[in-house]
Amino acid sequence: MNNQSSNKIIKSTFIYLLGNVLSKLIVFFLLPLYTKYIPDYDMGYYDVSINIATFFSSVLFLDIGSGIMRFMMEKKEPNDKNFAIYSGILIFIISLFLYVTISIIIGFSFGTSLRYYLWITLYGFFLCLNTLYGYIARGWGYNNLYALAGVINTIVQVASNLLFILVFKWDFKSLYVAHCLGWLINIIILEFKCKLLTNFSKKYFNRELFNQLLKFSLPLCINSIAFWLLNSSNKVIVTLILGEAQNGYLAIANKFTSILYLVSSCFQLAWQELAYSQENDIHNQSTGEFYSKAFDLYTRILLIGILIIIPGIKVIFPIFVHSNYNASASLIPLALMGTIMSILSSFLGSIFGGIKKTGIIFLSTLLGAIVNLVVIFSLIKIVGVTAANIAFLAGFTVNVLFRTISLNKLIKMKVNYWYYLLFVPLFILVVIIYNYFNWIVNLILFVLFICIAFLLFNKEIKMVINGLLNRRKNEKNCDKNPL
């Protein structure tokens, strides 16, 4: 990657850090509230219900926001971007009609036996609408607003949960309502700038672009089914076989994996924009070299990151989690490892989107889903809820391996597999210390790996600092010489 590309990623990552990670970390601090006032079986029901709602909504709405942003990035003129937006929004409207119809049918058939079915349905709708607005805002380049809206969204969610749980004494219904309110505010803020409703006009509909978006997004829709089987079906299986309480423990363990996912998602969001804006000529050798270097850097960051995070969690776990959920602690390390593979899979998926080879995304996800289901059904009666994390890790490992091999054939992208050979013994050592030693030993290990990370990424850290200093210097020069 050249300096210009690196600076673009650094700048975008910093913006998304403010809007995504810092805001979500505020929610993380609500764990003491959740684990004290919401029983494990209710947490398990909530977790599985939102995963099912996310599945249906993502499938029916075709992940159309990603397609819209992809085509917006190709257009230079604002008018051309509007054609991409509103041709895609027509697909969204058709999907919304299907979503409402299916929701009504399910409501009449099973609604009375499902707790808070209306709020679960609204959760799925607002999730997709908020995602659509987010992609379009990023497509216009409104990254600062996107970040600000994310912060306000989080503040609304936190305030709502505190009010509903502590003052109104609501149960886990507060979690659905707070999310919907936060997303609604987020949508309203982005609407003021994006003006999707204000500028809505049938003149922006383009049949050819509509067909191209449909062709781009349909594989992503089918992929959503396979991805859910790989990523979220374990929660349903655990609930059905082991009960809602066991899924509640798994849900709290996954809250800690969100630390890793949220930090990486900033890089991922910035990376997605850069990948979509590249020339992406699969016959050009520089394309493979660009993606090879990016994947190499990302892998090294994630692997050292998990070695830092695991002992850090040992230190903070008793502070953030009520003793009712102590069973979640042992589930965290494997969940984190699976999350790393999931993150790498998503990163590779952006590359396939950049070179417009989304069909391979589905094949790799389907293969991973099959592995995941085989492993969990084979182990769940033997090792209990831990089987969910083992299956999750196995499925995404196969998925990543398939994608890296495919990219090597398509663009000659190279992967340093030996990183993992060095990492595995270190990971095993860290997990042993996490499980069998006290927080003081883990704190020492935490500090040690932070020092190692600074040594390993000394060059990258200097590049970031120099980039920020140069940017500041340029801004001062512009202030002195406005003309």
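Given the structure is predicted, the values throughout are model-derived calculations rather than measurements.
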Test your reading of the model: is there a side-chain donor-acceptor pair from T35 to the backbone of H322, 3.5 Å cut-off?
yes

Please report the C-alpha distance between W228 and F55 in whole Å, then the side-chain angles of each, then the deciding distance to 0.1 Å, and finally whether the ring-ring contact (aromatic ring centres under 6.0 Å, His included) criterion is met.
CA-CA 6 Å; W228 186 83; F55 165 69; 4.6 Å; yes

State the CZ-OG1 distance between R403 and T365, to the nearest 0.5 angstrom.
4.0 Å

Would you say the side chain of L302 lies within less than 4.5 Å of the side chain of T299, judging by non-hydrogen atoms?
no

Sub-4.5 Å side-chain heavy-atom contact between D47 and T239
no

Taking the six-membered ring where the residue is Trp, are the ring centres of Y34 and F172 under 6.0 Å apart?
no

Whether S57 side chain and A53 backbone form a donor-acceptor pair below 3.5 Å:
yes

Counting distance only, does the side-chain N/O of S66 pair as donor-acceptor with the main-chain N or O of D63 below 3.5 Å?
no

N234 side chain to N389 backbone, donor-acceptor under 3.5 Å
no

Quick test of your reading of the model: are E289 and K293 salt-bridged, counting only N-O distances below 4.0 Å?
no

Could you check whether the rings of F347 and Y298 sit parallel, tilted or perpendicular, using 30° and 60° as the cut-offs?
tilted

Whether the D40 and N324 side chains hold a donor-acceptor pair (N or O, under 3.5 Å, no angle test) is what I'd like checked.
no

Counting C-beta onward and ignoring hydrogens, is there a side-chain heavy-atom pair between N326 and F317 closer than 4.5 Å?
yes

How many angstroms lie between atom CG of L163 and atom OG of S174, to the nearest 0.5 angstrom?
10.0 Å

Donor-acceptor pair, side chain of Y135 and main chain of N130, under 3.5 angstrom:
no

Side chain to side chain contact (heavy atoms under 4.5 Å, CB included) between L334 and F392: does it pass, once the steps are laid out?
CA-CA 9 Å; L334 267 181; F392 182 75; over 6 Å; no

G150 and N186: which non-hydrogen atoms are nearest, and at how many Å?
N-OD1, 3.5 Å

From K235 atom NZ to I50 atom CD1, the distance as rounded to the nearest 0.5 Å:
7.0 Å

Report yes if some heavy atom in the side chain of Y291 is under 4.5 Å from a heavy atom in the side chain of L407; otherwise report no.
no

Under a 4.5 Å cut-off applied to non-hydrogen side-chain atoms, are L393 and V375 in contact?
no

Polar contact flag, side-chain donor to acceptor under 3.5 angstrom, Y417-T404
yes

One should read off an interatomic distance between N399 CG and L367 CG, to the nearest 0.5 angstrom, of 8.0 Å

State, yes or no, whether a side-chain contact exists between S160 and V177 at a heavy-atom distance under 4.5 Å.
no

Exercise: do N161 and Q157 side chains pair donor with acceptor under 3.5 Å
no

Summary of side chain to side chain donor-acceptor pair (under 3.5 Å) pairs that have at least one residue in residues 426-445, sequence neighbours excluded:
none

Keeping the roles fixed (side chain from S346, backbone from I343), state whether a donor-acceptor pair exists under 3.5 Å.
no

